[in-house]
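Read the structure below first, then the notes.
Note that the numbering runs from 1 along the sequence shown for the chain. Predicted, not measured: the structure shown is a model, and the values here were computed from it. In each ligand, atom 1 is the first atom listed, and ligand 1 is the first ligand listed.
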Amino acid sequence: MPDTYLNPPSSAFMDKLAAIVGDKGMVTDPQAVAFHSTDWRGISVGRAAAVVKPATVEEVSAIVKLCHENNVKVVPQGGITGLMVAGVPVRDGDEVVVSMARMNRILDVNPGAYTMTVEAGVVLQTIQETAISHDRYFPISLGAQGSCMIGGNLSTNAGGATVLHYGNTRNMVLGLEVVLPDGRVWNGLRALKKDNTGYDLKDLFVGAEGTLGIITKAVIKIFPKAKDVATGWIAIPNPQAAFDLLAEARMASGDTVTSCELIHGIGLEGVLKYVPGLQRPLADKHEWQLLMEWSSTRPAAADGSGSMAERMEGFLAEAFERGQALDATIAQSEAQAKNMWAIREGHAEASRRDVNPSCSFDISVAVHHIPDFIERCNAACVAAVPGIRPKPMGHMGDGNLHYSFGAPDHVTTRADFAPMVEKLDRIVHDMVTDIAGSISAEHGIGSVKLLELEHNRSPVELDIMRAIKKALDPKGIMNPGKVIRVDANEPVVQGSTIR
Ligand SMILES: Cc1cc2nc3c(=O)[nH]c(=O)nc-3n(C[C@H](O)[C@H](O)[C@H](O)COP(=O)(O)OP(=O)(O)OC[C@H]3O[C@@H](n4cnc5c(N)ncnc54)[C@H](O)[C@@H]3O)c2cc1C
């Protein structure tokens with residue numbers, strides 16, 4: 001990181017900022033400022049000029065207005081669990097981080113209407129627990145749910161393990177309140193399922209990664225809570241079996257498959273090694289496994305057709321006969337189900353703790369392309385980088401793979417791994433684009449994939465994105481260096497996917 005600040009805001013600006021948020025909202029401790037400048041993997045690319053924690057939409061509006069008037073850049077921030085280096089500064093000392101951590105109130109729960117109104121800084125797990133306390137369910141669920149905030153989930157359009165059945169965070173939103181880059185407040189906090197009044201403005205801000213404004217409140221959907229859940233861990237011969245099993249399970253379960261996660265043996269071993277307290281679900285080691293969940297909102301046997309677990313058992317018995325399943329276990333207790341999910345969710349943590357570098361591509365392809373894509377892409381990557389260890393895994397049910405690679409054994413530093421990752425980048429992303437897939441399924445673009453987006457999306461798509469950015473943020477102050485460059489000469493400070 002350079003030693004000099006680019007263009008630090010004046011002390012008069014800082015005084016005005018402090019006056020808006022008061023002592024409670026101004027972060028001054030250098031360690032805390034450093035914390036808010038560092039991403040989840042410990043990567044610090046830039047540093048903040050100031051970090052503020054507003055408590056109301058009025059404060060957010062006043063902060064952004066002040067920044068707009070003084071051409072000071074703004075970085076909206078949630079729980080800093082994003083993986084694309086998007087929620088932290090990438091410039092040196094001329095950006096104000098606006099952390100939403102103090103705007104953490106649940107404003108309304110309406111179980112009858114199946115809605116909840118929340119401030120942007122509410123932690124995802126709090127939303128899940130609040131829904132459950134009303135016998136309802138909020139389906140977005142991620143490994144980072146104890147820290148990430150709903151504003152961050154909305155801004156990254158987070159996915160997770162239930163997208164197959166419920167859709168991603170975009171599907172959860174009914175209305176938003178947003179502070180625009182000039183400080184004005186757009187109040188779109190409506191709880192409408194039908195609203196065909198021209199352009200769908202809320203959808204602009206979902207997935208925008210804070211480049212178009214700061215989300216301050218949201219009306220989100222909640223759902224009936226499942227009363228009968230079967231969680232199965234199934235060893236399978238290959239990814240084709242995963243596709244076939246999922247297709248048949250949707251029919252056999254009455255279309256109640258809520259998750260279907262593909263897990264590679266190398267990834268599983270890494271989690272068992274680095275995340276303490278987890279049990280291997282099956283006695284033998286297998287190259288491929290599926291974690292599948294079926295859920296019903298009716299209690300077991302209420303419909304006279306047996307529990308979900310019984311139905312899954314019958315389904316698996318047939319799958320064994322067809323050779324689609326090699327071994328399987330169905331969780332007999334909540335603890336066993338939690339263990340299976342902890343293995344699935346422990347992959348990112350295991351990579352972070354692993355002393356050997358690894359990288360991961362968050363890509364999606366049409367579900368039916370997955371088996372062939374894995375085979376071709378593995379072969380191409382191993383040929384280009386001998387010794388690389390592919391361990392593709394992810395959300396089989398919605399076509400989203402977290403295509404991960406362990407570095408060859410002799411490569412022990414991120415710096416040595418970087419040129420290899422560049423090669424893999426090209427191979428993986430070009431193959432994805434060739435079959436009309438996406439180079440970012442759920443993690444976003446951030447600073448990491450900004451140039452990849454320019455490489456992989458058409459000039460028409462990029463023009464539309466630039467036009468939207470220019471229209472809403474003509475001064476370019478809102479989360480600069482993330483998602484899209486308006487000017488092709490704008491320098492890029494790139495983050496990295498290497499862990
Ligand atoms: C262990 C682990 C597991 C994960 N699993 C998944 C997964 O399964 N699926 C998935 O999709 N992601 C996953 N993620 C990524 C991450 O958790 C999500 O991207 C999450 O939605 C980020 O939320 P956050 O509050 O931490 O946002 P941050 O990281 O703070 O910010 C992310 C982006 O949103 C912007 N932003 C934040 N709040 C606001 C706001 N109020 N208004 C406007 N912009 C805002 C930031 O500027 C930034 O661009 C995982 C991460 C970890 C560490």
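In terms of polar-atom proximity, defined here as any N/O pair under 3.5 Å, Glu209 does make such a contact with ligand 1. Between Ser147 and ligand 1, no pair of N/O atoms sits closer than 3.5 Å. The shortest N or O to N or O distance between Trp40 and ligand 1 is not under 3.5 Å. At a 3.5 angstrom cut-off on N or O pairs, His402 does not count as close to ligand 1.
In summary, the side chains of Gln336 and Trp233 do not present any donor paired with an acceptor at a separation below 3.5 Å, with no hydrogens or angles considered. For His264 and Gln289, the side-chain atoms include no donor-acceptor pair closer than 3.5 Å. There is no side-chain donor-acceptor pair under 3.5 Å between Glu209 and Ser155. Under the 3.5 Å distance criterion, with hydrogens and angles disregarded, no donor-acceptor pair is assigned to the side chains of Tyr166 and Asn171. No hydrogens or angles considered: nothing links the side chains of Glu293 and Thr258 as a donor-acceptor pair under 3.5 Å.
Residue-ligand proximity, Gly151 to ligand 1, at heavy-atom distances under 4.0 Å covers atoms 38 (N), 39 (C), 40 (C), 41 (N). Residue Ser155 approaches ligand 1 through these ligand atoms, each under 4.0 Å from one of its heavy atoms: 34 (O), 35 (C), 36 (N), 39 (C), 40 (C), 42 (N), 43 (C), 44 (N), 45 (C). Of all atoms in ligand 1, numbered sequentially from 1 with element shown, those under 4.0 Å from a heavy atom of Gly210 are 43 (C), 44 (N). Less than 4.0 angstrom separates some heavy atom of Ala158 from each of these atoms of ligand 1: 11 (O), 21 (O). Near Ala120, meaning under 4.0 Å from any of its heavy atoms, are these atoms of ligand 1: 41 (N). Of all the atoms in ligand 1, the ones that sit under 4.0 Å from a non-hydrogen atom of Ala144 are 2 (C), 3 (C), 17 (O), 51 (C), 52 (C), 53 (C). Every atom of ligand 1 with a heavy atom of Ile214 under 4.0 Å away is listed here by number and element: 42 (N), 43 (C). When each atom of ligand 1 is checked for a heavy atom of Ala348 under 4.0 Å away, the hits are 1 (C).
The side-chain tip of Arg136 does not point at the ring of Phe223 from less than 6.0 angstrom away and within 45° of straight on.
In this structure, atom 12 (N) of ligand 1 lies nearest to the protein heavy atom His443 CD2, 3.5 Å. At the shortest separation from atom 28 (P) of ligand 1 among protein heavy atoms lies Ile80 N, 3.6 Å. Nearest protein neighbour of atom 51 (C) of ligand 1, counting heavy atoms only, is Thr81 O, 3.3 Å. Of the protein's non-hydrogen atoms, Gly87 CA, 4.0 Å is the one closest to atom 31 (O) of ligand 1.
At a 4.0 Å cut-off, not a single heavy atom of Val75 sits close enough to ligand 1 to count as contact. A heavy-atom separation below 4.0 Å is found between Met100 and ligand 1. Ligand 1 has Gly213 within reach: a non-hydrogen atom of the residue lies less than 4.0 Å from it.
You'll find the ring centres of Phe417 and Phe405 outside the 6.0 Å limit.
Ion pairing between Asp182 and Lys65 fails under the 4.0 Å rule for side-chain N and carboxylate O.
Below 30°, between 30° and 60°, or above 60°: for His443 and His402 the angle between ring planes is below 30°, a parallel geometry.
Here the shortest heavy-atom distance to atom 21 (O) of ligand 1, taken over Val85, Thr156, Val163, belongs to Thr156.
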